[in-house]
Amino acid sequence: MKIERLDINDFGIISNQTLKDINSGIVVIGGLNRAGKTTMFQILRHLGYGFSKKNSLPSARNRYQVGADIRLDNGARYNISLDGYKEPKLNKLDNAIDKVEISCRDIYKNLDFFTYQQLFTISLDELQQVPQENSQQKRLQSILLGAGLSDIIEIQSISKNLKGKAENIGGKRGACNVYDFKPYNKQIRQGLKLRQEALQEIEIYQQTDKKIEEIEKRITDKEREISYLKAKITVLDILKNKFEIWQEKKELELKLKQYNEEILEQKCYSKETLRQAELLKDDYQAANNEYTEQLNKFKAEVVKEDIDIVQDKLLEVREQLSYFYEKSSGFKEKINNIIEQKKDNQQKKVRIIKKIQQQNNAWKDFDSILSIETDQIAEDNLSQLINQQKELNRKLKTAESSLQDLEEEKDRIEDKIDSITDISLVKAMNRYYFIGAGFIGLGLILLLMINNWVGIIIGLAGVIGSGLTYLTNYLAKSKSINYKQELELDLKEIISKISAKQESIQNLNRNLESLNEKIDKYRQLFDLPERCNPDLIKDTFRFLQDIKERIRDLRAKNKRLNTKKKRVKSELKELHKLINDISVYFYEDKVDWNEEAIIHTKDKLFTCLKEIYNFIELAVELNKAKIHKEELEVEVRELIPERDKQTDLESSLNVFIDKCKKAHKFKQLKKEIKRLRVNIISSLTTDRVKKAFVTLDEQDFRNGYDKQKLLTSFNSFFEQYTSLEDVTKDYEMEVNQLDLLIDELNELKNERQSLLDKKEELATSDKLKEAQQQIDQTRASLKPLAEKFAINKAAAFILDNVRERCINKVKEELLSPASNILRKLTENEYKKILPQNNLREVDFKLKSKNEDVQSTTDILSRGTKEQVFLSVRLSRIKEMEGSLPVILDDSLVNFDSYHLIQAVNILIELAKDHQVFVLTCHAELVKYISDQTDNVQYWKLDEGEFNLFNSSQQLINHLSV
């Protein structure tokens, strides 16, 4: 059973949680303390049994509601639903295949809750604590030791009780003169004594007994006589019924003597060899006819008389000519391809020549073109030169344009400089002096002529005004002078640039001239006109590369074509030689033609090949017929022994077949004789008939009897009679004699019975009767008591043996799987788990690797003790029918790292058949599980909420907080 889905709507801390697609192997549910692991443990523990008010379960918010989808081992799917304290309800899901209605108890293999709890739901409580109640201890020990052992535990007390009851009746040995047997024994002895006394007093009784003894002897003799007569009648009856069969057997044996048994019994004359010889005869005749027919066909085609030589020659070249014949269509195709390829190559050559002439008439032949170097390095070099030329032309054009711009700028600056007038400070001062002197003279005149102040004012004003005027003009002219100086500096700089640019242009022209020379070499190499466009050179280079590739390809094809043509021609010459050599045997004149034109005369060649191949087929068929005939001849010679061989094979076969038929008839006679013999023996070997023969001839049969003795004895009876009528007559006479003897025997028995009655009367005196009555009554009363004693003793003995065997079985078998698990867990530190002498005790003894026996688990460490009880539980789980889920709630917490890894490996092994839930708060355990296997599903449980993790590391990180 596997849990696929779990819906927990209300249980303790967990509510409204769904676990989907639960892994069928190991399911790890990790959570910190108080996350809800114990709650989950209780859910899984009670899933198939329901929630009980008696158990201390976590409370529900409203009422318990849990559901689970499960899949059984046969693939059927069901849903288990738990509602409150009701019984679990089981519902079929859509694809359930069970036809019979089942219950949860059926799914849980009718295990009670206590058994399932103790075995399949393992917490520290199950590994550490023993139930306090004695009844639960007994149940637990019975669960741990295996089914049925709960009764074995009670055997000892039951056996003891039975022995006590038996000893109260007859003591330890059952003596008849002790305890409850004693009074009965005393009464029986008294009765025997009384009977003996009564018998000793009856003398007549003894005389009567003697007469009875004489009659008994006569009766014995009569019965022996009757027995002998009955035996004879039995043998005569068999002889009467089997007389004709035995007579037929005798006649067949006479016929059998006519055959030569020594020869016909040999294996070579068996039914199988007869069938084989007849088939060989038919096959040989057919093969001989086939050979004659094929020989005639072959002779009709051959012009030479020596057929064998012609056939050998054809077979000699058969393989070679077969090769050519089978490949003839291929050869024709190859020749056609050669012709077509040659034509195609010629057309390609014409096209290439035409393209070359279109490109350049100066190119005359392929060799001159191929001699032109057009490898990748040359192409790169040409491209580089042309690119450099273009770059230099671009730079030259740019430089010349720049030089022109500089010269234009130079002219413009020179014009500006020429437009600016030079002004001298001396001239300006002289002019100022003359004007000032004029104003001073004018002032003196006015001073002298008109007014002193007027003359002074005009003179000063004229001097100052003219000075200011000249000063202003001078300052303005000074700015023009500065500007002119700046222009002159710019002019020098431009002249310098013009000079540099002219030098750069000269360098560019020199470089360009060098490049042109290099490019010109390619132009001359390609036979191009002077001063052609560089791109034309480049295109021509590429054209040459392409055309050279085509020329090489064409020449390679021609080379391959010539190789193919040479190879085909060589093979055709070989074929031609073969046909020439062989044609003399089939044609009057030798077939011959020109070898040089062999390709063009292929049709004629292959026509001859076809005709000769037909001759070869005739030779092959003739050879097959010959070989088949010879093989059959070998088979015939091997089959027929030397004594039967005649001058020719067919006569030999006829003689051999005749002998095989005789041998077959001989064996049929023997088989029929054997059948008749078996028929007789089946009648003779019945107990009644064997007893009759022994009775008739005790001397011959005193050492036992076998079939041959019985037949010999039967034959001796047969020889006494000449016909069946004699046997019948003798049989009827003996039957009548038997009737007379039986009558006489009955009379003797009647007489004996009379004497016995008289003897009984003599023996039944009152005293004898009283003694016998006392003996019989006492024995009747003693019988139930003796039976009770025997029953108690036998039951106690059986129970002791059963208990001893069960204990040994527990030691050697039932606890052997648990011992194996413990060895793995403890690395062979402990190699065997043994039960306690008192099977009621929930404890075990352990045998270490040193053969030391530890009498109890109480002296072990806590971890080792838990390992012992875990081993026992896991072994019981593996032994039980079905694969119920196993739940572990931190039950490995006391294991160290090594033992924890061993336990994980054991759980992985268990998970192959069982679904294993591991509830833990320890990251270390999760890591060990993930290291050992990938078939694990990891769930985080945190405060009643589940989350599915994609990797173990997520859960490890959560638990490591």
Side-chain angles (χ1 to χ4, degrees), residues 191-192 194-243 683-705 709-710 713-714 716-773 775-776 779:
L192 290 172
L194 289 174
R195 189 178 67 178
Q196 186 65 27
E197 292 174 353
L199 289 173
Q200 290 175 355
E201 295 175 356
I202 306 174
E203 184 177 353
I204 301 173
Y205 176 87
Q206 294 175 349
Q207 294 174 354
T208 304
D209 192 50
K210 188 174 181 180
K211 288 182 181 180
I212 292 173
E213 189 175 327
E214 291 174 354
I215 291 175
E216 288 283 358
K217 185 178 180 182
R218 289 173 61 192
I219 289 174
T220 302
D221 293 338
K222 192 65 69 176
E223 286 176 343
R224 186 180 296 112
E225 188 178 352
I226 290 172
S227 176
Y228 181 85
L229 192 56
K230 283 183 177 180
K232 187 176 180 180
I233 291 171
T234 299
V235 172
L236 288 172
D237 184 47
I238 295 295
L239 183 59
K240 178 168 63 76
N241 293 326
K242 302 296 181 180
F243 188 87
S683 300
L684 298 180
T685 52
T686 61
D687 291 340
R688 181 175 67 87
V689 175
K690 287 189 290 185
K691 187 176 179 181
F693 276 109
V694 172
T695 303
L696 294 175
D697 195 353
E698 293 182 358
Q699 186 67 22
D700 287 346
F701 291 97
R702 66 178 181 275
N703 295 325
Y705 49 84
K709 283 185 178 181
L710 291 172
S713 183
F714 179 78
S716 65
F717 274 94
F718 177 83
E719 297 295 340
Q720 296 174 17
Y721 301 94
T722 58
S723 65
L724 179 61
E725 290 75 15
D726 293 341
V727 177
T728 304
K729 183 178 179 181
D730 202 358
Y731 172 78
E732 292 174 352
M733 184 177 67
E734 297 295 345
V735 168
N736 293 330
Q737 180 64 25
L738 177 63
D739 292 338
L740 294 174
L741 290 174
I742 290 172
D743 291 339
E744 293 175 1
L745 177 63
N746 289 333
E747 290 177 1
L748 289 172
K749 286 182 177 180
N750 291 332
E751 185 179 356
R752 180 185 62 180
Q753 186 60 43
S754 299
L755 292 172
L756 286 172
D757 293 340
K758 185 177 180 181
K759 178 181 174 182
E760 186 177 355
E761 291 175 2
L762 291 172
T764 54
S765 62
D766 292 340
K767 188 175 181 181
L768 185 61
K769 185 177 180 180
E770 182 183 351
Q772 189 63 42
Q773 186 177 5
I775 292 169
D776 293 340
R779 283 177 175 172

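Computed from a predicted structure; not experimentally measured. We count residues from 1, following the sequence as given.
- Between the side chain of Ser227 and the backbone N or O of Glu223, no donor-acceptor pair lies under 3.5 Å.
- Summarising the geometry, atom CD belonging to Glu751 is positioned 11.0 Å from atom CG belonging to Leu756; distances are rounded to the nearest 0.5 Å.
- Ion pair Arg224/Asp221 flagged as a salt bridge, since at least one NZ, NE, NH1 or NH2 atom sits closer than 4.0 Å to an Asp/Glu carboxylate oxygen.
- In this structure, the side chains of Glu725 and Thr728 stay at 4.5 Å or more apart for every pair of heavy atoms.
- Taking CG of Asn241 as the reference point, atom CG of Leu724 lies at 9.0 Å (rounded to 0.5 Å).
- Remark: Leu738 CG to Met733 CE distance equals 13.0 Å, nearest 0.5 Å.
- Considering Glu216, Lys211, Glu213, Glu747 as possible partners of Arg752, the one that fulfils the side-chain contact (heavy atoms from CB on, under 4.5 Å) test is Glu216.
- In this structure, CG in Leu755 is found 11.5 Å from CG in Asn750, a value given to the nearest 0.5 Å.
- Leu229 and Glu734 make their closest contact through CD1-OE1, 2.7 Å (heavy atoms, listed as atom of the first residue, atom of the second, distance).
- When atom types are taken as modelled, the side chain of Asp237 and the backbone of Ile233 share no donor-acceptor pair closer than 3.5 angstrom.
- Rounding to the nearest 0.5 Å places CD of Gln737 at 9.5 Å from CG of Asp739.
- Scanning for salt bridge (Lys or Arg N to Asp or Glu O under 4.0 Å) contacts around Glu744 gives Lys222, with sequence neighbours left out.
- Here the closest non-hydrogen pair linking Leu748 and Ile215 is O-CG2, 3.6 Å.
- The CG atom of Leu745 sits 4.5 Å away from the CD1 atom of Ile226 when rounded to the nearest 0.5 Å.
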